[in-house]
Amino acid sequence: MTSEWKEIVRNGLWTNNPALVQLLGLCPLLAVTNTFINALGLGIATLLVLVVSNLTISLVKQWVTKEIRIPVFIMIIASFVTIIQLLMNAYTFGLYVSLGIFIPLIVTNCAIIGRAEAFASKNGPVESSLDGLMMGLGFTAILLFLGGAREILGQGTLFDGAHLLFGEWAKGMTVQIFEFEQQFLLAILPPGAFIGMGLIIAIKNVIDAKQAANQKSKETKKVERARVTTVSN
């Protein structure tokens, strides 16, 4: 893997994560992460749209003038979102109903439009596809982490509703972790999403700060070892 590809992977998954750093696409992220399966469904849909829209835009960019590039990008993204929406309607109808308006709203997801404008319109198809894949995986990882945490804290379960995505055989996948007399509504409702998202961002910032401090310490040690302390006559 080349250094450029490594940088794309690192940017998508951590350094420039669309949810944690760019803070893009937060509306669907906060709205549908009340369960792990809802988060997984929206994450997969967003990832697929990111990859194919980035690839298509990188292939047609030389024929699109600057004045009309945004409407063209949105039309391309909307076409793929419609395809994903129809596929979910046909094969995962329960999840399609559960996600509701947030499937067509992928068209207006700033993370997708942002990558089309900032990366796919300036790079080749391979790099653009990889960028879409890594950004999609980074976005999906945050969806899953937040969805899993909210479902466990709010309902005491994990993978509830797996049959909506995987079929009837997955009804047995639900794991009961805690027994609640009543659901913990703060975790299930939007305020819980905001609190959880804030905690995840805080954890990332702490990790980044520790990595920066360690890197600075290593660089300081190298400078001390290279310093000349005596001068010969």
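Taking CG from Leu189 and CZ from Arg150, the interatomic distance works out to 8.0 Å, rounded to the nearest 0.5 Å. Ile37 CD1 to Leu144 CG: the interatomic distance, rounded to the nearest 0.5 Å, is 9.0 Å. Atom CG of Leu24 and atom CG of Leu26 lie 7.0 Å apart (nearest 0.5 Å). Rounded to the nearest 0.5 Å, atoms CG (Asn109) and CZ (Phe102) are 11.5 Å apart. The distance from atom CG of Leu40 to atom CZ of Phe166, rounded to the nearest 0.5 Å, is 5.0 Å.
Applying the side-chain hydrogen bond (donor to acceptor under 3.5 Å, both in side chains) test to Gln183 and every residue at least two apart in sequence or in another chain returns nothing. With sequence neighbours excluded, no residue forms a side-chain hydrogen bond (donor to acceptor under 3.5 Å, both in side chains) with Thr46. Every residue meeting the salt bridge (charged side-chain N to carboxylate O under 4.0 Å, His left out) condition with Glu117, not counting sequence neighbours, appears here in chain and number order: Arg69. Scored by the side-chain hydrogen bond (donor to acceptor under 3.5 Å, both in side chains) test, Asp131 finds Asn54, Arg115 as partners (sequence neighbours excluded). For Asn16, the side-chain hydrogen bond (donor to acceptor under 3.5 Å, both in side chains) test picks out no residue, with sequence neighbours left out. Judged as a salt bridge (charged side-chain N to carboxylate O under 4.0 Å, His left out), and not counting sequence neighbours, the contacts of Glu168 are Lys171.
In summary, Glu219 and Lys216 do not engage in a salt bridge, as defined by a charged side-chain N under 4.0 Å from a carboxylate O.
Under the 3.5 Å distance criterion, the side-chain polar atoms of Ser53 are matched with a main-chain donor or acceptor of Leu50. In this structure, Lys61 contributes its side chain and Ser58 its backbone to a donor-acceptor pair below 3.5 Å. Judged by distance alone, the side chain of Thr33 and the main-chain N or O of Gly147 form no donor-acceptor pair under 3.5 Å.
Note on residues 187-214: no pairs pass ring pair (Phe, Tyr, Trp, His ring centres under 6.0 Å), not counting sequence neighbours. Pairs of residues two or more places apart, or lying in two chains, never qualify as salt bridge (charged side-chain N to carboxylate O under 4.0 Å, His left out) while including a residue from residues 13-29. Within the structure, every pair that satisfies the salt bridge (charged side-chain N to carboxylate O under 4.0 Å, His left out) test and touches residues 198-211, not counting sequence neighbours, is listed here: Lys204-Asp208.
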Please table the atom pairs, donor to acceptor, closer than 3.5 Å between any side-chain atom in residues 87-98 and protein atoms at least two apart or in another chain.
{"unit_1": "Thr92", "atom_1": "OG1", "unit_2": "Met88", "atom_2": "O", "d": "3.2"}
{"unit_1": "Ser98", "atom_1": "OG", "unit_2": "Asn38", "atom_2": "OD1", "d": "3.0"}
{"unit_1": "Ser98", "atom_1": "OG", "unit_2": "Asn38", "atom_2": "ND2", "d": "3.3"}

Report all side-chain donor-acceptor pairs from residues 72-82 shorter than 3.5 Å, counting only partners two or more places apart or in another chain.
{"unit_1": "Ser79", "atom_1": "OG", "unit_2": "Met75", "atom_2": "O", "d": "2.8"}
{"unit_1": "Thr82", "atom_1": "OG1", "unit_2": "Ala78", "atom_2": "O", "d": "2.8"}

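Under a 4.5 Å side-chain heavy-atom cut-off, the cluster of Ile, Leu, Val, Met, Phe, Trp and Tyr residues that includes Ile203 is completed by Trp14, Ile207.
Neither side chain, Thr2 nor Glu4, offers a donor N or O lying under 3.5 Å from an acceptor on the other.
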